[in-house]
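Note sheet for the following structure.
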Amino acid sequence: MMSAFLLLVLCSLAPAALSVPPRPPVRCGSDGDGDAGCVLSNAYGAWSSDRADCPVAAVAYPASERDVVAAVARASAGGMRVKAVSGFAHTIPKLACPGGGGNGSAASLLISTTRYAGVEVDAAARTVTADAGAPLRAVIDAAEASGLSLPASPYWEGVSVGGAVSTGSHGSSWWGRGGALHDHVVRLSLVVPAGAADGWARVVPLAKGDALFPAALVSLGLLGVISKVTLALEPRFKRSVTYDYRDDSTFQDDFANHAARHEFADIAWYPSQHQAVYRLDDRAPLNATGDGVNDFIGFRSTLIAVSQGVRALETALEGSRNVKGKCAMATAEIAAKRLIGNGLRRKDGQPFIGYPVVGFQGKMQTSGSCARPPASSPLTACAWDPRFKGLFFYESTAIFSPARFRSFVLDVKKLRDLNPDGMCGVDVYNGLLVRFVRRSEAWLGQPEDSVVVDFNYYRAADPSAARLSQDVWEEVEQLAFVKHGARPHWAKNRMVAFRGVQGKYPGWARFAAAKRQLDPRGLFDSPWSEDVVGGKELSKDDGCALDGRCVCSEDRHCSPGQGYYCGTGLVFSEARVCRYSASQLV
């Protein structure tokens, strides 16, 4: 078991010259250009609300702002539901689905920004202006080529600028403007519906200080189509990174000091291993020696056969209820990451040989080489590419006030101590990744300096299949979002995380007012976006808790036939979780 998972990690070191690029999120019929019946899916092949592709009646592919205006006008004049999607589509909730694809050609329109991807740097003003569909990597590279750096970005580079801004995507920093990309926006333009007198659509330019600017920063695609984004840049700089492996006994007491001391700090917590890995990440002088690269192993192209084999192994461990096997995988994961510096390289193409690793911001701030392979071959791909049935997982992301985060950590430690092996499932992936974001002026951004926790864990191919240690992660989820009032990341999470979400964002009422002003007919609404922002639990049917669509309140919401019954949490007594009980099986 350990050797198989080590193979996955070590195979990611192989060159990606023969790699399959990710499939496009929009796929259409015979004409291939948006008018012969299309479907939309995300990069994982499954949404959080359901696993069905989104049918779309028609797709527009604008290449300019004028084209975006024409597309929105088409939808506005026809009273069509309309949404925008990039060429990446890594959002887990079904926010980009307009709905109505099965009800005739006038029912819905999807606007793909994949061909709308220009980037222009103003070196004198220290800004970069990007079309909404511009890849984050293209923006970073253009800035660096002009002697400038983008100070904040998500860790995963396979996103568009418009998508990253509109969903609140972030890196990690409590310094300066912080780690969220939208907090570095100085101007943007929206294309919104209008009346016949205005040609059915109009461009709304917004700059910092404008009344609607805080609504537009994190808009979830609900106000209109983001057209152009202007980001603030800084003079080019370098970073120096070291990973420090520590016992996790004081983790809950020193995370804030760590974030205060290091500009780009994060912490990877592996609870089953009692380890916390502190990222010591700061600016370095431009003349510091080093041309390092951050090529995170989880975002590299992986041999398809290997990712399939690892998935088969984990599925077999699930089926045999072999929690010790999961723990062996977790131990191997951490050992392999430590061996190769978690993907840091001294220079592109060279192996890791020790700390610190020093490199330019543009090569250190984000990674995702599997999203941009140099050639195509059926050998390697992103490990989660749904075409090859490799890794398949949930991604939960909770955003805490610092004081509540400390209490959350203590509760998770209590839960771990009651069931130590139950935590191994998350450590098989990346543990609990702890990052830091600043208070934002965005109404749907963070209302205070916050601590962000991401954790990935096994998702069954069959939505009706129960999972090993399912109760543990349902309790952790409810500890975060219910007991400790964490806010959900808009672009991630299972649907249960969004219950009561409007009350967790103090700017919600002002955002809703801006939405009524800019899209009074609700053309950018959809049933799926309402499932997210409405904050209400979905209908409770048999097995609904298994895939995170509900919190169980009856045994039938779990799977009595597989031995899973609805019970109370071990640490949080108000939690309701699906727990395995062999003694109750008939």
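Only this structure's heavy atoms are used, side chains among them; waters, hydrogens and symmetry mates stay out.
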Basic-acidic side-chain contact under 4.0 Å: Arg438, Asp183: no
Approximate separation, where rounding is to 0.5 Å, of Glu314 CD and Met329 CE: 5.0 Å
Cation-pi geometry met for Arg279 and Tyr155 (6.0 Å, 45°): yes
Partner of Gln361 by side chain to side chain donor-acceptor pair (under 3.5 Å), out of Arg283, Glu234, Arg239, Arg236: Arg239
Heavy-atom donor-acceptor pair, Glu477 side chain to Ser396 backbone, under 3.5 Å: no
Test log, rule side-chain contact (heavy atoms from CB on, under 4.5 Å), inputs Arg23 and Ser41: CA-CA 10 Å; Arg23 73 176 183 183; Ser41 59; 3.1 Å; yes
Under 3.5 Å: donor-acceptor pair, side chain of Trp473, backbone of Asn456: no
Phe455 and Tyr457 aromatic ring geometry - parallel, tilted or perpendicular at 30°/60° bounds: parallel
Residue pair Ser172 / Asp266, side-chain donor-acceptor N/O under 3.5 Å: no
Pairing residues for Gln308 by the side chain to side chain contact (heavy atoms under 4.5 Å, CB included) criterion, not counting sequence neighbours: Ile304, Phe388
Between Arg300 and Thr380, a side-chain donor and acceptor under 3.5 Å: no
Electrostatic pair Asp53:Arg27 at N-O distance under 4.0 angstrom: yes
Within 45° cone of Tyr270 ring axis and under 6.0 Å: Lys337 NZ or CZ: no
N-O pairing of Asp531 and Lys94 below 4.0 Å: no
Distance-only side-chain donor-acceptor flag, Asp295 / Ser367, under 3.5 Å: no
Stepwise ring pair (Phe, Tyr, Trp, His ring centres under 6.0 Å) check, Phe393 with Tyr429: CA-CA 9 Å; Phe393 48 84; Tyr429 292 86; 5.6 Å; yes
Approximate separation, where rounding is to 0.5 Å, of Asn493 CG and Arg487 CZ: 13.0 Å
Trp47 side chain vs Ser49 backbone, donor-acceptor pair below 3.5 Å: no
Short side-chain donor-acceptor distance under 3.5 Å, Thr113 and Ser86: no
Parallel, tilted or perpendicular: ring planes of Trp269 versus Phe251, cut at 30 and 60 degrees: tilted
Minimum side-chain heavy-atom gap Tyr61-Tyr116 below 4.5 Å: no
Sidechain-backbone polar pair: Ser307 side chain, Leu391 backbone, donor-acceptor under 3.5 Å: no
Reference residue Ser440; test side-chain contact (heavy atoms from CB on, under 4.5 Å); the match among His182, Arg177, His170: His182
Whether Thr302 side chain and Ala383 backbone form a donor-acceptor pair below 3.5 Å: no
Side chain Asp131, main chain Gly118, donor-acceptor under 3.5 Å: yes
Side-chain H-bond candidate by donor/acceptor type, Ser48 with Tyr394, under 3.5 Å: no
Evaluation steps, side-chain contact (heavy atoms from CB on, under 4.5 Å), between Val412 and Met423: CA-CA 9 Å; Val412 173; Met423 293 282 173; 3.7 Å; yes
Residues Ser112 and Thr114: side-chain donor-acceptor under 3.5 angstrom: no
Side-chain heavy atoms of Ser240 within contact of Asp282, under 4.5 Å: no
Any donor-acceptor N or O pair under 3.5 Å, side chains Ser149, Glu144: yes
Asn42 (side chain) donor-acceptor with Thr91 (main chain) under 3.5 angstrom: yes
Test side chain to side chain contact (heavy atoms under 4.5 Å, CB included) applied to Pro463 - qualifying residues, sequence neighbours left out: Arg51, Asp547
Main-chain N/O of Gly390 paired to Trp384 side chain as donor or acceptor, under 3.5 Å: no
Side chain Lys238, main chain Gly290, donor-acceptor under 3.5 Å: yes
Aromatic Tyr278 / basic Arg246 pairing, under 6.0 angstrom, 45° off normal: yes
